[in-house]
Protein chains: 2
Amino acid sequence: MLHVAEAARVSVATVSALINGTATVSPELSQRIEQAIRDIGYKRNAIARSLKMGTTRTIGLTVPHITNPFFTDVVSVIQQAFDRAGYAVMLCCTDEDLNTQDDQIRLLLDRMVDGLIVARVGDGAILKRIVDDANVPVVLLDRICKGVDTDAVVLDNQRAVFDAITYLINLGHRRIGYITGTSDISPMHDRMAGYREALHAAGLPIAEELIRFGNFHEIDGYNETMQMLSSHDRPSAIFSANNPMVIGTMKAIRDIGLSCPEDISVACFDDFPWSDVFQPQLTTVAQPVQAIGEQAANLLLDRLAGNRDAPPRKLLLKGRLMIRNSCRPLGAIAQSVSA
Amino acid sequence: MLHVAEAARVSVATVSALINGTATVSPELSQRIEQAIRDIGYKRNAIARSLKMGTTRTIGLTVPHITNPFFTDVVSVIQQAFDRAGYAVMLCCTDEDLNTQDDQIRLLLDRMVDGLIVARVGDGAILKRIVDDANVPVVLLDRICKGVDTDAVVLDNQRAVFDAITYLINLGHRRIGYITGTSDISPMHDRMAGYREALHAAGLPIAEELIRFGNFHEIDGYNETMQMLSSHDRPSAIFSANNPMVIGTMKAIRDIGLSCPEDISVACFDDFPWSDVFQPQLTTVAQPVQAIGEQAANLLLDRLAGNRDAPPRKLLLKGRLMIRNSCRPLGAIAQSVSA
DNA sequence: AACGCTAATCTAAACGTTTCGATCATGTCA
DNA sequence: TGACATGATCGAAACGTTTAGATTAGCGTT
C-alpha cells in the first residue's frame with residue numbers, strides 16, 4: 001500500500017479510504033490510485049488488516065471424520081454458506097480423539113478465527129474451558145454438551161431411533177441387535193435411549209448382550225456384528241447407530257455366510273447418497289443435512305453480525321425414516337405386513 | 001504479551017525470547033514470566049506473529065466437490081499430514097465452477113496462505129496468472145494444467161482407463177458406452193484417450209454416439225445413461241469416468257427396468273468404500289488416495305521447508321482395476337472367461 | 001584496576017493495515 | 001473582507017508480535 005501511495009503521490013490514508021470507501025476521495029486522485037494499484041498489482045494484506053481490525057473473516061470448523069458421508073455433506077453446506085458470506089473456513093478433523101480436538105481448537109483460536117462450529121468429541125469439560133476464555137461465538141453441531149451453554153443444532157436422536165426400532169418391532173422382530181459408539185457424546189446417548197424406549201414401549205425385554213459398543217469405524221461394526229452373529233441366539237435384526245459401522249456390519253454378514261435381508265434385517269443411522277441404488281437398499285434414518293448445515297451457519301453468522309448477547313439457541317431437527325428393502329417382516333406378522 | 005511483560009516486570013522482548021526459545025533467559029525471570037502467562041491466561045496472537053514473520057503456517061486447499069468420495073479421502077489425508085506438521089488447512093470447494101475457484105484462490109492468497117494445493121477446474125490461464133504473481137508454492141492435485149509449470153501429483157488416467165476398457169473388451173463387449181465430464185480438465189481428457197486407445201488397440205470402431213458428456217453430477221450420469229439406453233442399439237456395457245455420475249447410471253438402469261450386470265455391465269472410475277458390500281459390487285478403477293494425498297502434502301511441505309528452487313516435480317501414480325461382479329462376460333467368450 | 005568477553009536483558013523499529021484528529025484549500029455568507 | 005463551514009487529504013499512532021542492535025552486569029585476565 002505504501003508503494004501504491006508513493007506511485008500515486010498520495011498518502012496511505014487516502015489509498016485506504018479509497019479501497020474501503022470510508023471517505024470520499026476526489027475523482028482525480030481516485031484515478032491515479034487505481035492506476036497505481038493496477039500497475040503495481042497491489043493486493044491488500046488481509047493479515048495486517050486482521051491485526052488492526054481484530055477480525056479475520058475466517059471461521060473454524062471441526063468434525064470427527066470427514067469421510068463419514070453425514071459430516072461430508074454438512075461440511076459442504078456450511079462451506080458454501082460461509083463462502084457466500086465472504087468468510088473462509090478452516091477445517092479440522094479430530095478423528096474422534098479428544099486431544100487432537102483440543103489441539104485443533106487451540107490452533108484455530110490462536111489464528112484468531114471469528115467463530116467456531118464444533119462437532120465435538122469426548123468430554124465437554126475441556127471444550128467448555130477453551131470456549132469460555134476464547135471470546136468467540138461457538139455453535140455446537142450434531143453433538144451437544146452438558147456444561148457448554150451455547151448455540152447448537154442437533155437432531156432429535158432419541159425420537160428418530162425410537163421410530164426406527166418401532167418399525168422393526170412392527171415387522172415382527174423381537175431380538176434386535178444395537179451397535180453404537182461410545183455413549184459419552186450426546187447423539188449416541190440419545191439414540192441408545194430411543195432404542196431402550198422403543199423396546200420398553202413394546203413390552204419387550206432388553207437383552208444387554210445385544211447392545212454392542214464400537215468406536216465409530218467400519219472395523220468396529222464388523223467385529224461387533226461378528227460376535228453377535230456367532231452367538232447361539234442371534235438377533236433377527238441389527239441397527240447400527242452410525243454410518244461407517246454399518247458397512248462393517250454388512251461385511252460381517254457376508255463373511256459369515258448370511259444374507260440381508262433374507263437371514264437378517266439391517267437398518268442404520270444416517271443416509272447414504274447411493275442407498276437406494278445398490279442391493280440391499282438400506283433402510284436408514286436420514287438426517288436433514290442441508291438444514292443442519294444451514295442452520296448452524298446461520299446461527300454463527302447471526303452472532304458474527306453482532307447479535308452477541310441473545311440467549312443460547314438450541315435447534316432440534318427431526319430425522320426421517322427411509323424405508324427400503326433391507327428389513328424383512330418376520331413370522332406370522334410377515335404375511336399381513338408384506339401383503 | 002505486553003501485559004505479561006508488565007506483570008513479570010520484564011520487557012516484551014524477554015517474554016518473546018522465552019516463548020520462542022530464541023535466547024536464553026534466566027531461570028528466575030523464566031519463572032516469573034511463566035507465572036504471569038498462567039495468571040493472565042495469555043495466548044500468543046498468531047495474526048500479529050504472521051504479520052511480522054511473513055508466514056501464516058496455513059495452507060489453502062481447493063477441490064471441486066467435497067462430497068465426491070475420492071476428494072473426501074484425499075482431503076482427509078492431506079489434512080492429517082498438515083496437521084502433523086503444525087499447519088492449518090483452509091478448505092474451499094469450487095463446485096467445478098471457474099469463477100468460484102478464482103474467487104476462492106484469491107481469498108486464500110489474500111489471507112497469505114503459505115502454500116496452495118489445487119484440484120483445479122476449467123481453463124488454466126487465469127490460474128496460471130494468479131499463481132505466477134502470488135509468490136507461494138503451488139501443488140496441482142489430480143488435474144494438471146498446460147501452462148502452469150509447478151509440482152503436481154496425478155494419476156496415469158489414460159493407462160487406467162485403457163486397462164478397464166480392455167477388460168470389458170476381453171469379456172466380449174463391443175459396444176461400450178462412455179460417460180465423461182467436460183474434457184477441458186486433464187483427467188477427463190486423458191481418460192477419454194484411454195478409452196479410444198483401448199478400442200483402437202482391439203480394432204473396434206469408435207461409435208461417437210456412445211460417448212456422452214455430463215457435468216460430473218449424479219443427474220448427468222442419469223440423463224446420459226437414459227439416452228443411451230433408449231436408443232435402438234444400446235451398449236452392452238457402460239463406463240463412467242467419475243464416481244457421482246455412476247450412481248446416476250445405476251439409477252437410470254433401474255428406472256428403465258434393466259438390471260446390472262444381467263442386462264448391462266457397468267464399471268467406473270474411483271472406488272467407493274462400500275463397493276464390495278452391496279450388489280452389484282462395482283468394478284472400479286481405484287486411485288491410491290492415501291499415496292496421492294501424502295505425496296501432494298509432501299511436495300508442498302518440502303517447498304515450505306525452503307526448497308523453493310528445485311525444478312517442478314510431476315508425480316504420476318498408477319490406478320488399479322478392482323474387478324468385482326458388475327461386469328458380465330458376453331456371448332461365446334463368456335464360457336471360457338467365467339469358467 | 002583496566003580491559004575484554006560473555007550472557008542476559010532491554011529499546012525500538014518494523015511488519016501493513018486502519019483511523020482519529022489535524023491541516024488545508026475552497027466556497028459561502030453576513 | 002473576515003469568519004466559518006465543508007470537503008479532501010494527510011500525519012501519525014495503534015494493532016501484537018519479532019528481532020537487530022544497544023546496554024548492562026558479572027567475571028576472568030593481565
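Quick note on labels: first sequence line is chain A, next is B, and so on, each numbered from 1. Because only heavy atoms are used, hydrogens play no part in the values below, and waters and symmetry mates are left out as well, while side chains stay in. Just so you know, these numbers come straight off a predicted model, no measurement behind them.
Across the protein-nucleic acid pair, Lys52(B) atom NZ and dT17(D) atom P stand 13 Å apart, rounded to whole Å. Summarising the geometry, the separation between CD on Glu6(A) and C1' on dG11(D) is reported as 15 Å, rounded to the nearest angstrom. The interatomic distance linking Arg44(B) (CZ) with dT17(D) (C1') rounds to 9 Å, in whole Å. We find that CE of Met53(A) is positioned 16 Å from C1' of dG16(D), with the value rounded to whole Å. At whole-Å resolution of the value, CD in Glu28(A) and P in dG7(D) are 18 Å apart. Taking atom CG on Asp110(A) and atom P on dG16(D), their separation rounds to 15 Å, with Å as the unit. Atom NE2 of His3(B) and atom P of dT17(D) are 10 Å apart (whole Å). The CG-P distance, from Leu18(B) to dC10(C), rounds to 12 Å in whole Å.
Listed pair Ser26(A) / dT9(D) meets the phosphate criterion, a side-chain N or O lying under 4.0 Å from OP1 or OP2. Between Asn20(A) and dT18(C) there is a side-chain polar atom (N or O) within less than 4.0 angstrom of OP1 or OP2. Taking only side-chain nitrogens and oxygens, Arg49(A) never comes nearer than 4.0 Å to OP1 or OP2 of dC15(D).
Between Val25(B) and Leu51(B), the one whose closest nucleotide on DNA chain C sits nearer the 5' end is Val25(B).
When each of Ile292(A), Asp142(A), Ile144(A), Leu315(A) is checked for a side-chain contact (heavy atoms from CB on, under 4.5 Å) with Val154(A), only Ile144(A) meets the rule.
The side chain of Ser11(A) has dG11(D) as its nearest neighbour among dG11(D), dT17(C), dT17(D). The side chain of Ala13(B) lies closest to dT11(C), out of dT17(D), dT11(C), dT17(C). Listed nucleotides dC10(D), dC10(C), dT18(D) differ in distance to Thr14(B); the shortest reach to its side chain belongs to dC10(C). In this structure, of dG16(D), dT9(D), dT18(C), it is dT18(C) that holds the atom nearest to the side chain of Ser16(A).
With no hydrogens or angles considered, a side-chain donor-acceptor pair links Arg111(B) and Thr58(A) at under 3.5 Å.
Using a 4.0 Å cut-off between charged nitrogen and carboxylate oxygen, Arg303(B) and Asp151(B) count as a salt-bridge pair.
More than 12 heavy atoms of other residues, nucleotides or ligands sit less than 6.0 Å from atom CD of Gln35(A). Counting non-hydrogen atoms of other residues, nucleotides and ligands closer than 6.0 Å to CZ of Arg129(A) gives a total of 12 or fewer.
Leu2(A) comes within 4.0 angstrom of no nucleic acid atom, judged by non-hydrogen atoms across all strands. Counting any heavy atom pair closer than 4.0 Å across all strands shown, Leu29(A) reaches sugar-phosphate atoms only and no base atom.
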